[in-house]
4 protein chains.
Amino acid sequence: MISIGVIGATGYAGYETVRLLLGHSEFTITTLISKSFVGKKMSTIYPNLAGICDLELEELNYDIILKKASCFIVALPHGTSQDVIATLFKAGKKIIDLSADYRYDNQSIYESTYDVPHKHESILKKAIYGLPELFKEDLSDCQLVSNPGCYPTCSLLGLAPLIENNLIDLTSIIIDAASGVTGAGRKQDLMYQFNECTENFLAYKVATHRHTTEIEEKTSLLAGKDIKVTFTPHLVPMKRGMMATIYSSLLKPITAEALYKVYNNYYKNEYFVRVKELGQMVNTKQVVGSNFTDISVHVDKRTNRVIIVSAIDNIGKGASSQAIQNLNLLYGFDEKTGISHAGSYL
Amino acid sequence: MISIGVIGATGYAGYETVRLLLGHSEFTITTLISKSFVGKKMSTIYPNLAGICDLELEELNYDIILKKASCFIVALPHGTSQDVIATLFKAGKKIIDLSADYRYDNQSIYESTYDVPHKHESILKKAIYGLPELFKEDLSDCQLVSNPGCYPTCSLLGLAPLIENNLIDLTSIIIDAASGVTGAGRKQDLMYQFNECTENFLAYKVATHRHTTEIEEKTSLLAGKDIKVTFTPHLVPMKRGMMATIYSSLLKPITAEALYKVYNNYYKNEYFVRVKELGQMVNTKQVVGSNFTDISVHVDKRTNRVIIVSAIDNIGKGASSQAIQNLNLLYGFDEKTGISHAGSYL
Amino acid sequence: MISIGVIGATGYAGYETVRLLLGHSEFTITTLISKSFVGKKMSTIYPNLAGICDLELEELNYDIILKKASCFIVALPHGTSQDVIATLFKAGKKIIDLSADYRYDNQSIYESTYDVPHKHESILKKAIYGLPELFKEDLSDCQLVSNPGCYPTCSLLGLAPLIENNLIDLTSIIIDAASGVTGAGRKQDLMYQFNECTENFLAYKVATHRHTTEIEEKTSLLAGKDIKVTFTPHLVPMKRGMMATIYSSLLKPITAEALYKVYNNYYKNEYFVRVKELGQMVNTKQVVGSNFTDISVHVDKRTNRVIIVSAIDNIGKGASSQAIQNLNLLYGFDEKTGISHAGSYL
Amino acid sequence: MISIGVIGATGYAGYETVRLLLGHSEFTITTLISKSFVGKKMSTIYPNLAGICDLELEELNYDIILKKASCFIVALPHGTSQDVIATLFKAGKKIIDLSADYRYDNQSIYESTYDVPHKHESILKKAIYGLPELFKEDLSDCQLVSNPGCYPTCSLLGLAPLIENNLIDLTSIIIDAASGVTGAGRKQDLMYQFNECTENFLAYKVATHRHTTEIEEKTSLLAGKDIKVTFTPHLVPMKRGMMATIYSSLLKPITAEALYKVYNNYYKNEYFVRVKELGQMVNTKQVVGSNFTDISVHVDKRTNRVIIVSAIDNIGKGASSQAIQNLNLLYGFDEKTGISHAGSYL
């Protein structure tokens with residue numbers, strides 16, 4: 001068993017990572033680090049873990065934790081994550097970072113998007129963007145994996161076959177997305193109170209969400225040219241689940257059947273991407289609790305547009321289970337280890 | 001008090017119409033017609049009405065009901081509604097029809113969209129499309145008002161200022177919409193069971209929803225040219241509420257401030273449309289339970305697109321309260337009578 | 001129109017009171033007082049009110065507000081309310097207090113329950129407990145009405161016919177209750193975040209909830225002897241609605257039919273209490289949004305117990321609409337004025 | 001790997017059993033039987049299983065299925081289950097039955113409760129009631145296990161320590177329970193439609209629920225005398241989760257601390273029962289998705305009553321995961337195999 005630590009263990013992404021690691025056959029959690037709950041048991045904060053994970057939460061003391069684990073999953077806010085990652089990296093640890101700090105190739109786009117300077121350019125250059133279905137080969141021999149954002153994961157897996165097969169007008173991409181409330185994290189904010197969220201649907205950060213530039217950088221990489229997208233997220237009154245409905249103009253007409261084949265072929269070796277048969281609907285509940293991405297493809301002949309619907313679990317494939325998938329690849333295990341299960345549906 | 005009957009009183013739209021009429025100062029319900037529940041009290045089907053509306057549900061017997069009421073609101077399924085409306089029309093009754101049967105100017109588009117022949121062409125020609133904010137003058141002197149669909153109401157109120165001010169490329173309209181579950185009506189369908197709907201989000205009828213042609217016919221009318229739109233509806237785990245997120249390419253750049261002025265000016269005399277100040281988000285819960293439409297306007301400078309977010313209550317402004325608004329106009333009352341209130345928010 | 005002010009207008013109970021007053025034919029809101037949002041519009045805090053109530057929120061400056069309104073509804077936290085009420089009372093204003101501060105006849109029980117001294121004993125003695133179905137005659141000629149707690153309202157209306165008809169062993173009363181999340185108020189608390197509340201059910205303050213002593217004092221008053229009850233509240237993942245399931249041992253056997261008659265007779269003149277026919281279930285959604293209390297009665301012959309199920313809207317009959325009912329009685333209006341409507345059901 | 005079949009695989013309990021078996025190290029599913037969906041893939045009915053369980057659903061043809069599996073989990077409606085179990089039993093198969101058909105020792109109570117004759121008395125006598133925490137020794141050497149009802153599981157685990165330690169007046173037991181909507185199964189019933197269930201709480205089958213006699217028979221067995229209980233179930237707007245709030249009069253006073261010790265001691269060897277430290281609340285979401293039972297204990301000194309709050313996942317410990325636990329015991333495996341995990345919390 002490989003010793004692993006989780007830094008930022010009590011936020012939702014950190015917690016979910018812990019929960020998944022508890023069922024993993026190759027890793028054993030040896031340290032859990034939290035800023036707010038030092039000295040408390042993990043199972044005090046998440047009582048569903050009582051009897052299963054009663055580890056005490058520790059402070060971020062490198063002298064201690066570096067000895068305790070050979071790899072770390074870091075679930076800290078962007079900005080905060082940077083220095084922690086740098087310290088772990090220099091100590092030779094293998095790392096999965098769930099923040100945005102090491103996601104961008106282009107440092108200046110990171111800095112303008114997140115409004116923070118990046119202090120570790122050389123490490124940034126060594127970080128691999130951990131979206132295995134698109135960049136798997138890069139992940140086998142690296143030290144630091146930057147786990148993608150949830151919206152970028154969902155959008156990029158929907159867009160990649162269109163772009164790589166040169167099917168669409170690259171200036172025409174519109175992504176209309178929706179997320180469950182866990183996307184906002186574990187925080188005390190009036191907007192996310194039950195009474196305010198339930199029975200409500202809203203658009204937010206219209207055309208200004210930070211994940212836009214992450215989507216643009218990675219699609220541009222796939223296309224070999226600069227892409228700009230219009231991106232609008234919405235908030236759905238449910239805990240988990242995310243959907244991207246992607247619109248683009250076709251360069252030339254294609255039938256739905258042919259489009260289905262393109263997608264099916266593109267993902268034929270990917271366990272975690274399921275392309276729906278024509279006529280089947282993508283539902284977030286069919287992926288929630290799992291690491292799967294479900295995709296359906298549609299052609300709007302009347303307007304010569306393609307519509308791709310892509311769904312993930314925002315804290316699964318959009319965060320924690322994708323972190324485990326990356327961890328598996330980093331260590332040369334089968335990528336499915338510990339995360340091959342279906343979601344709970346009910 | 002004017003005597004009014006509701007036909008199809010126990011479906012959700014019929015029920016909601018009844019509930020609103022109970023608080024209306026000018027109308028008194030004299031007959032409620034139901035196919036499935038003849039002889040039962042309205043308050044047996046909807047026990048929240050006990051002590052308030054204990055009328056017995058009647059069968060559709062014209063000999064009786066034509067004597068009972070001088071106007072009718074008809075909330076029957078499309079296809080079924082046609083003949084009922086025709087009979088009422090010939091009897092000289094004033095009518096609001098909530099079905100799709102009398103919404104289209106172009107009979108053949110109705111027939112191909114709904115896959116039913118239209119048997120009453122001459123009456124169809126006399127029906128007025130009851131979206132008061134766009135076509136108010138037509139409503140003051142007519143006998144039959146066809147109440148718009150919910151998605152068309154939400155989409156058209158969002159699109160009209162763009163089209164009438166010639167701001168957008170008319171070939172670029174994409175409408176990404178979402179509805180609460182009452183949109184599916186009061187039916188026993190596994191898909192709409194609590195366990196299946198809750199904690200789930202899905203796209204459905206992608207590029208094939210019937211409301212697409214209704215939106216197209218009315219936008220074309222506003223534009224004076226033929227418009228095709230891409231339309232995708234989604235299902236949200238909430239009872240009521242509807243949102244349309246509308247994307248279009250700008251003919252020339254405009255600032256968000258200027259766009260806000262365009263909308264504010266367009267709707268300056270409309271009590272039931274509220275244009276949000278820049279930076280304020282549209283939330284479905286701010287309109288649910290009311291007849292209001294809330295709209296926010298956004299410019300995505302980077303892609304030269306406009307994004308309009310429009311929200312209504314799908315069974316309020318999208319059905320029953322708009323029916324009352326039309327009824328008020330038909331009779332020359334203040335359009336706000338009985339429906340001027342705010343939604344409940346909580 | 002009588003001028004009225006609402007103090008504590010932006011909490012949920014204050015807001016709901018404002019919303020109801022906006023539709024009341026006899027009162028006009030002339031001042032809204034808030035501690036946290038002075039200078040903002042009411043419709044900025046509750047945007048559903050935009051165009052309907054755009055009054056600016058004022059600070060609690062008696063020099064100004066005493067001139068503005070002849071009566072006040074006060075929706076402040078217990079402890080805080082005491083002095084405000086005293087000042088308004090001395091100024092001769094008519095008052096409805098939604099806090100617990102003036103609910104108890106026995107000052108020392110108030111003080112030990114709420115752990116605050118009561119500083120206005122003489123005013124406390126003049127306050128009338130505003131549960132109109134039980135104490136209507138007291139309400140016609142008073143200056144200060146203390147609005148009951150939500151759990152006490154729901155429980156007392158369920159218990160009164162049993163007690164007043166001497167049907168039960170008074171030592172055997174157990175009240176198992178459940179409330180929607182608005183009962184917790186408008187606050188930023190992790191426990192009430194959407195992700196924490198949704199899909200969850202819990203018991204809280206088991207045998208220690210403050211409303212227990214309020215229920216005991218009022219039942220004791222009805223019985224003419226000292227009553228102790230066991231009371232357990234639960235939290236339900238819904239916004240509004242409250243249910244009390246009440247258990248008690250029968251002094252002698254009674255049939256369900258006879259029990260139904262007892263209740264039906266007891267409440268025969270009460271518009272706002274609806275006793276369900278035998279076999280009909282009480283649902284919170286049948287009362288939510290209204291001032292109604294629905295009650296069903298059951299006999300468990302095998303154990304010789306009676307089971308009474310009573311449901312209200314916790315912020316309707318449990319707070320704001322009952323405040324309006326009390327206000328109506330205070331001024332001699334029909335108690336139904338402005339609150340006679342059914343709940344929305346959907 | 002032991003071959004196993006699931007009969008009634010597409011109902012919620014059947015489905016959940018399948019999902020759990022897919023992650024079990026000792027069993028491999030070799031046949032799935034369904035009445036309604038013969039010939040379809042399991043993953044067509046539950047698309048979350050696509051790529052994980054694409055087995056085709058078979059009809060109940062004993063010639064075929066008896067050869068395919070050496071044990072069966074049967075998730076059929078009561079009445080229907082009887083004969084199927086008998087056939088499997090005579091063929092020497094090991095069986096877990098999720099229906100009520102083999103739960104009762106007293107055949108006539110079964111027959112009067114479920115209003116069906118029992119046709120297999122000799123097999124009924126051999127069935128073991130599979131509540132492992134109370135009757136574990138009986139489970140190691142049997143052929144047929146009858147899986148308890150959800151409410152009985154939740155109630156009996158809460159009551160057993162009180163009864164076995166002779167702490168309570170056995171005539172004073174009242175169980176007030178609440179369940180998520182999956183308890184109603186996968187059916188198309190208006191009452192369980194999303195729009196009807198969400199934002200609603202109700203009591204149902206007050207003092208008449210069938211699980212009452214099951215609770216009574218098993219508590220009587222524990223007590224060695226005849227016990228009658230008052231039992232009221234409620235429906236909560238959530239998918240999964242169940243709570244029993246149990247009231248009883250103490251024979252003599254006990255402190256909460258002492259009561260906590262009684263429970264802690266009683267369950268000290270039971271992995272799947274967690275007694276909450278005093279002051280900690282039981283939440284259904286802390287057990288949902290798991291096989292755990294969480295229990296909190298409370299003393300209402302003022303009324304000399306004990307209050308026990310017990311929570312399970314109604315389709316986990318209340319059905320499917322308890323079936324796996326019984327299966328493990330039947331085969332001599334560690335009872336935790338395949339079901340030791342925590343619930344998902346989020």
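Each chain gets a letter, A, B and so on, in the order the sequences are listed, and its residues count up from 1. Computed from heavy atoms alone, side chains included, the values below leave out hydrogens, waters and symmetry copies.
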**Q** Identify which part of Glu199(D) has an atom lying under 4.5 Å from any heavy atom of chain A, answering side chain, backbone, both or neither.
**A**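 Contact with chain A: side chain only.
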
**Q** For Pro47(D) and Gln286(A), work out which heavy atoms get closest and say how close.
**A**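 The answer is CG-NE2, 3.3 Å.
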
**Q** Please report the shortest heavy-atom distance between Lys239(A) and Tyr345(D), naming the atom on each side.
**A**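 Lys239(A) and Tyr345(D) have their closest heavy atoms at NZ-O, 4.1 Å.
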
**Q** Is it the backbone or the side chain of Thr182(A) that comes under 4.5 Å from a heavy atom of chain D, or both, or neither?
**A**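 When you check distances to chain D, only side chain atoms of Thr182(A) fall under 4.5 Å.
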
**Q** If only atom types and distance count, is the side chain of Arg19(D) paired as donor or acceptor with the main-chain N or O of His341(A) below 3.5 Å?
**A**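 No, Arg19(D) side chain to His341(A) backbone: no donor-acceptor pair under 3.5 Å.
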
**Q** Within the side chain of Arg274(D), is there an N or O that forms a donor-acceptor pair under 3.5 Å with the backbone of Ala50(A)?
**A**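 Between the backbone of Ala50(A) and the side chain of Arg274(D) there is a qualifying donor-acceptor contact (under 3.5 Å).
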
**Q** What part of Glu277(A) lies closer than 4.5 angstrom to a heavy atom of chain D: side chain, backbone, both or neither?
**A**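 Contact with chain D is absent: no heavy atom of Glu277(A) under 4.5 Å.
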
**Q** Are there over 12 heavy-atom neighbours, none belonging to Lys136(A), within less than 6.0 Å of that residue's NZ?
**A**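 Atom NZ in Lys136(A) is crowded, with more than 12 foreign heavy atoms closer than 6.0 Å.
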
**Q** Examine whether an atom of Thr198(A) lies under 4.5 Å from a heavy atom of chain D, and if so say whether it belongs to the side chain, the backbone or both; otherwise answer neither.
**A**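 Answer is side chain: those atoms of Thr198(A) sit under 4.5 Å from chain D.
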
**Q** Can you tell which of Ile52(A), Asn283(A), Asp294(A) has the highest number of heavy-atom pairs within less than 4.5 Å of chain D?
**A**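 The option with the most such pairs is Ile52(A).
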
**Q** Measuring heavy-atom distances to chain A, does Leu22(D) have an atom under 4.5 Å in its side chain, in its backbone, in both, or in neither?
**A**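 The answer is neither part of Leu22(D).
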
**Q** Working to the nearest 0.5 Å, report the span between OG of Ser344(D) and OH of Tyr46(A).
**A**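 Between atom OG of Ser344(D) and atom OH of Tyr46(A) there are 12.0 Å.
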
**Q** Does Ala342(D) offer a backbone N or O that forms a donor-acceptor pair with the side chain of Asn48(A) under 3.5 Å?
**A**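 Side chain of Asn48(A) to backbone of Ala342(D): no pair is present.
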
**Q** Please state whether the side chain, the backbone, both or neither of Leu49(A) comes within less than 4.5 Å of a heavy atom of chain D.
**A**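 For Leu49(A), heavy atoms of backbone and side chain both lie under 4.5 Å from chain D.
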
